[in-house]
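These notes concern the structure reproduced below.
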Amino acid sequence: MATERTLSIIKPDATRRNLTGRINALFEEAGLRIVAQKRIRLSDLQAGAFYEVHKERPFYASLVSSMTAGPVVVQVLEGEGAILKNRSVMGATDPKKAEPNTVRAQFAESIEANSVHGSDSPENAAAEIAFFFAGTEILP
Ligand code: GDP
Ligand code: MG
């Protein structure tokens, strides 16, 4: 399998509870390398644009406000099959359905405040990485 990069976000519910290090440890233990990382506060405009694909969903406004409720940590994870690997470390969207020991099973507060975002395809990973990072900020 090829080396890939994926965009990860540690969401405000997790930064609020000081879980960044514990979540990063799960990524690193799975063989993912954090090759870029920054702590930022998303504006309504940024969060709305990032989740544009969900614009028609009933939870869109609530999702955008949850993503702007506090700081997030945006990061690029690199590794063999990083996109799928990160999705499996994250667990299912709904923490009640997430496999034990995944980030969401351990830490999510709800289906919305579910602690992490991860890209779901190579195309989305490339677009989402470019949304937050210049090439010079990524240091493998
Ligand atoms: P993900 O790829 O596993 O993050 O899930 P999706 O791409 O389907 O949804 C994006 C984000 O929207 C999720 O991570 C949740 O924060 C939120 N979300 C998804 N489904 C629901 C829902 O049914 N209700 C609410 N309130 N939020 C949801
Ligand atoms: Mg998604």
Side-chain angles (χ1 to χ4, degrees):
M1 189 168 275
T3 298
E4 291 177 338
R5 289 177 180 172
T6 192
L7 190 278
S8 166
I9 304 178
I10 300 177
K11 295 184 178 186
D13 72 271
T15 62
R16 192 188 73 243
R17 289 175 290 146
N18 211 21
L19 295 171
T20 300
R22 290 173 71 185
I23 293 171
N24 279 347
L26 294 175
F27 294 146
E28 292 183 342
E29 284 159 13
L32 294 165
R33 185 171 285 271
I34 301 162
V35 295
Q37 177 165 263
K38 55 191 171 189
R39 183 174 168 100
I40 58 176
R41 183 83 183 249
L42 295 179
S43 67
D44 279 354
L45 221 57
Q46 276 178 307
F50 184 79
Y51 277 122
E52 181 110 52
V53 295
H54 297 301
K55 202 170 50 204
E56 306 305 327
R57 311 274 287 273
F59 56 79
Y60 177 70
S62 172
L63 172 61
V64 168
S65 83
S66 80
M67 290 299 289
T68 59
V72 296
V73 175
V74 293
Q75 45 194 192
V76 179
L77 306 180
E78 186 179 85
E80 293 286 297
I83 296 165
L84 269 179
K85 184 175 279 180
N86 181 41
R87 296 291 305 192
S88 86
V89 173
M90 290 164 60
T93 309
D94 181 351
K96 293 195 213 87
K97 297 180 182 154
E99 292 293 318
N101 302 320
T102 58
V103 174
R104 284 165 165 172
Q106 292 186 68
F107 300 127
E109 294 183 316
S110 67
I111 192 169
E112 181 172 283
N114 59 2
S115 303
V116 281
H117 165 85
S119 308
D120 62 6
S121 68
E123 297 69 30
N124 287 340
E128 291 176 0
I129 289 168
F131 189 93
F132 287 112
F133 291 97
T136 51
E137 294 178 295
I138 303 169
L139 296 162

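Atoms within a ligand are numbered from 1 in the order they appear, just like the ligands themselves. Heavy-atom basis, side chains included; hydrogens, waters and symmetry copies ignored.
Residue Met90 places every heavy atom at 4.0 Å or more from ligand 1.
With a 4.0 Å heavy-atom cut-off, ligand 1 is reached by no atom of Asp94. The proximity of Met67 to ligand 1, defined as any non-hydrogen pair under 4.0 Å, does not occur for either the backbone or the side chain. Only the side chain of Lys11 comes within 4.0 Å of ligand 1, counting heavy atoms alone; its backbone N, CA, C and O stay farther away.
Nearest protein neighbour of atom 15 (C) of ligand 1, counting heavy atoms only, is Ile111 O, 3.2 Å. For atom 2 (O) of ligand 1, the closest heavy atom belonging to the protein is Arg87 NH1, 2.9 Å. Protein heavy atom at the shortest distance from atom 16 (O) of ligand 1 is Glu112 O, 2.8 Å. Protein heavy atom nearest atom 7 (O) of ligand 1, with residue, atom name and distance: His54 NE2, 3.1 Å. At the shortest separation from atom 19 (C) of ligand 1 among protein heavy atoms lies Phe59 CZ, 3.5 Å. Counting protein heavy atoms only, atom 4 (O) of ligand 1 is closest to Arg104 NH2, 3.0 Å.
The shortest N or O to N or O distance between Thr93 and ligand 1 is below 3.5 Å. Some N or O of Asn114 is nearer than 3.5 Å to an N or O of ligand 1, by distance alone. For ligand 1, the polar-atom distance check against His117 finds no nitrogen or oxygen pair separated by under 3.5 Å.
Relative ring orientation between His54 and Phe59 is described as tilted, the plane-to-plane angle lying within the 30° to 60° band. Ring geometry for Phe50 versus Phe132: interplanar angle of 30 to 60°, hence tilted.
Taken from OG1 in Thr93 to NE2 in His117, the straight-line distance is 10.5 Å, to the nearest 0.5 Å. Of the inter-residue distances, the one linking Ile129 atom CD1 with Ser119 atom OG reads 6.0 Å to the nearest 0.5 angstrom.
Dense packing is recorded around CZ of Arg17, with more than 12 heavy atoms of other residues, nucleotides or ligands lying under 6.0 Å away. Counting heavy atoms of neighbouring residues, nucleotides and ligands inside a 6.0 Å radius, atom CD of Glu137 exceeds 12 of them.
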Next on the checklist: Pair Leu26, Gln106 - check side-chain contact (heavy atoms from CB on, under 4.5 Å), show working.
Outcome noted: CA-CA 11 Å; Leu26 294 175; Gln106 292 186 68; 3.7 Å; yes
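Formation of a donor-acceptor pair under 3.5 Å by the Arg104 side chain with backbone atoms of Val116 is found in this model. Judged by distance alone, the side chain of Tyr60 and the main-chain N or O of Tyr51 form no donor-acceptor pair under 3.5 Å.
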